[in-house]
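Beneath this line is the structure, given in structure tokens, with notes to follow.
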Amino acid sequence: MNTRALLGCGVVAGPVFVASFLLQGAVLAGYDPLRHPVSSLALGPYGWVQSATFIGCGLLVVAFAVALHGLWGRLLLGVWGLSLVGAGVFITDPVGGYPAGTPPLSDYTTSGLLHDLFAIPTLLALPIACLVLARRFGTAWTVYSLVTAAAFPALWILAGLGFQQDPSLVELAGLFQRAAIITAWAWITTLAVTLRKGGPRLARTSTLADLRPPRS
């Protein structure tokens, strides 16, 4: 697969992932997108749809990462993609009373624990990738990357507190998580689109050297 096609994987991964969880959340009975995690869509008879979304979009990001041809960009976005694959392989435990009849918080199963462990690298990989690649395309991109690096983990932490049934956040935990997910995917998609427009020359220069200040 050539570089342009690999970059195209990064273009489509985010929209597919977001469209999938928005559509599922709108039609599944008993599921409240404002309250319940995206991962909970993998529970129940149609859970395979969300599992396939995790795995498929994760593999698309891994393919996109290959196109970067630079150690840090490739590594960090590769970790992000592989973490999604792991989250798809291992199903989460029920949270917030979904599916119907389950408690607000459930004891960890092995699958649920592994699912959450795979989520941890995403919290680190995406913000660091934003910082590493912040200087690629000028001032506007730098500001956007820095805002993303701060907003994504902040929103994710708020969501996590809500999923732990914090009274002040529980009713909007799903909304905070969706905001975090869309923030992350928007940055990845924008990066992929920009690189694809710039061609392979830009895609092959995402290296640690980008962190070095310019010579005076």
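Since the model is a prediction, treat every value here as computed from it, not as a measurement. Numbers here simply count residues along the sequence, with the first being 1.
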Minimum heavy-atom distance H36-Y31, with the two atoms named: O-OH, 3.3 Å
E171 CD to L34 CG distance, which is reported to the nearest 0.5 Å: 9.0 Å
Test item: P99 and P94 side chains (from C-beta on) under 4.5 Å apart, heavy atoms: yes
Close side-chain approach of I182 and F21, heavy atoms under 4.5 Å: yes
D93 to T109 - nearest heavy-atom pair and separation: OD1-OG1, 2.5 Å
Heavy-atom closest pair, residues V62 and G78: CG2-O, 4.0 Å
OG-CG distance between S168 and L158, expressed to the nearest 0.5 angstrom: 9.0 Å
pair I181-W156: side-chain heavy atoms closer than 4.5 Å: yes
From L155 atom CG to T148 atom OG1, the distance as rounded to the nearest 0.5 Å: 10.5 Å
In one Ile/Leu/Val/Met/Phe/Trp/Tyr side-chain cluster, 4.5 Å: L195, L75: yes
F90 and T110, any side-chain heavy atoms less than 4.5 Å apart: no
Q50 and F17, any side-chain heavy atoms less than 4.5 Å apart: yes
Exercise: identify the closest heavy-atom pair between G14 and T189: CA-OG1, 3.9 Å
Spacing of CH2 belonging to W48 relative to CD1 belonging to I55, to within rounding of 0.5 Å: 12.0 Å
Test item: L76 and L133 side chains (from C-beta on) under 4.5 Å apart, heavy atoms: no
I157 vs F176, side chain to side chain contact (heavy atoms under 4.5 Å, CB included): CA-CA, chis, key distance, verdict: CA-CA 9 Å; I157 288 170; F176 285 124; over 6 Å; no
Under 3.5 Å side-chain donor-acceptor pair for S39 and T92: no
I91 vs H115, side chain to side chain contact (heavy atoms under 4.5 Å, CB included): CA-CA, chis, key distance, verdict: CA-CA 6 Å; I91 307 302; H115 177 90; over 6 Å; no
Atom pair CG (L43) and OH (Y98), whose distance is rounded to the nearest 0.5 Å: 7.0 Å
Test item: W185 and V61 side chains (from C-beta on) under 4.5 Å apart, heavy atoms: yes
Test item: S145 side-chain N/O and T142 main-chain N/O as donor-acceptor pair under 3.5 Å: no
Taking every non-hydrogen atom, the tightest pair across T53 and S20: OG1-OG, 2.8 Å
Within one Ile-Leu-Val-Met-Phe-Trp-Tyr cluster: L175 and L22, side-chain cutoff 4.5 Å: no
Member of W80, W141, F152 meeting the ring pair (Phe, Tyr, Trp, His ring centres under 6.0 Å) criterion with W187: W141
Steps toward side chain to side chain contact (heavy atoms under 4.5 Å, CB included) verdict (L7, V11): CA-CA 7 Å; L7 293 173; V11 174; 5.7 Å; no
Transitive ILVMFWY side-chain link I120 to L126, under 4.5 Å: no
Note, V38 side chain near R178 side chain (heavy atom, < 4.5 Å): yes
Cluster overlap F137 with V143, hydrophobic side-chain contacts below 4.5 Å: no
Within one Ile-Leu-Val-Met-Phe-Trp-Tyr cluster: L60 and L77, side-chain cutoff 4.5 Å: no
L28 vs L41, side chain to side chain contact (heavy atoms under 4.5 Å, CB included): CA-CA, chis, key distance, verdict: CA-CA 8 Å; L28 286 179; L41 293 167; 3.5 Å; yes
Exercise: identify the closest heavy-atom pair between F54 and L84: CB-O, 3.4 Å
Under 4.5 Å side-chain linkage, directly or through intermediates, the cluster mates of V27: none
Donor-acceptor contact present, side-chain R4 to main-chain R196, <3.5 Å: yes
